[in-house]
Amino acid sequence: MPGRNDPCPCGSGKKYKNCHQREDEAAPRALRLIHGSAGAAGRASGSALGLPPGAVVPTDAWEVDLVPFAAEIGDDPAARLTMLLVAAGEYVLAAEPIAHPPSEAIEVATLLARALGDACTATGVRPARALVRLAVLVDELAELLAEESHPAHGARVEESYDLVLVDRALADFETRAGLPLAEPGVPPMSHPNSWAAWGFAPDDL
């Protein structure tokens, strides 16, 4: 945690005590979202990453997932809102809402690989392991991370249905958005109104 008089990690320019301190203290178990500013390529730069002073990002295992977000977009009823998340230790290293996510495994794996790469570039470290929820994504993501040019090159990809950090982060985002939380143990699900985004015919739905 930053000191009261340190700059707030959110990048607002205010002192921590005048910005996010009360919010953080009110939710001590919430993961901290690392704020970065997108550069010309639309990716966070390490210098813009809002890590608290002295923060150490764990490198043993990072969780990465594309999860349904229980919200609707008013002017886009066919949207299937999801959150692309990377989490490690007490930090959410990447969080990106995606209204029209892909459904093919290789396309989802490509999004996960991009998010991992952005998190590696922003933190200056890379994980030893990348944990994903679905077995179908393991080989696809491993192949992408095997490329020597990828910032997370060398990370071993493993399946782990219980992504505790990602699920906590998602619950925190939904709470902040005023959305009802799912029952404990119930996996994230898309809203029925958004199922058309999968491209099925009405009768199939």
For [X] against [Y], the heavy-atom pair lying closest together:
X    : Y    : result
P68  : L170 : O-CD2, 3.7 Å
A130 : L116 : CB-CD1, 4.0 Å
L66  : L112 : N-CD2, 3.9 Å
V56  : Y91  : O-CE1, 4.0 Å

How long is the straight-line distance from [atom2] of [Y] back to [atom1] of [X], given to the nearest 0.5 Å?
X    : Y    : atom1 : atom2 : answer
D172 : D167 : CG    : CG    : 12.5 Å
I106 : L111 : CD1   : CG    : 10.5 Å
T121 : L93  : OG1   : CG    : 12.0 Å

Report all side-chain donor-acceptor pairs from residues 136-152 shorter than 3.5 Å, counting only partners two or more places apart or in another chain.
{"unit_1": "H150", "atom_1": "ND1", "unit_2": "A152", "atom_2": "N", "d": "2.9"}
{"unit_1": "H150", "atom_1": "NE2", "unit_2": "A113", "atom_2": "O", "d": "2.9"}

| query | Any side-chain heavy-atom pair from P58 and P127 closer than 4.5 angstrom? | reply |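 SC-SC contact between P58 and P127 ruled out.
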| query | By side chain to side chain contact (heavy atoms under 4.5 Å, CB included), which residues pair with S160, not counting sequence neighbours? | reply |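 Once residues adjacent in sequence are excluded, the partners of S160 under the side chain to side chain contact (heavy atoms under 4.5 Å, CB included) criterion are L131, L163.
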| request: Can you run down the side-chain hydrogen bond (donor to acceptor under 3.5 Å, both in side chains) pairs that involve residues 54-65, sequence neighbours left out, and say none if there aren't any? | output: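 Qualifying pairs, neighbours excluded: D65-R133.
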| query | What residues form a salt bridge (Lys or Arg N to Asp or Glu O under 4.0 Å) with E158, not counting sequence neighbours? | reply |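 Checked E158 against salt bridge (Lys or Arg N to Asp or Glu O under 4.0 Å); matches are R129, R156.
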| task | Can you tell me which residue pairs pass the salt bridge (Lys or Arg N to Asp or Glu O under 4.0 Å) test with a partner in residues 93-106, sequence neighbours excluded? | result |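 Checked against salt bridge (Lys or Arg N to Asp or Glu O under 4.0 Å) - neighbours excluded - the pairs reaching residues 93-106 are E96-R114.
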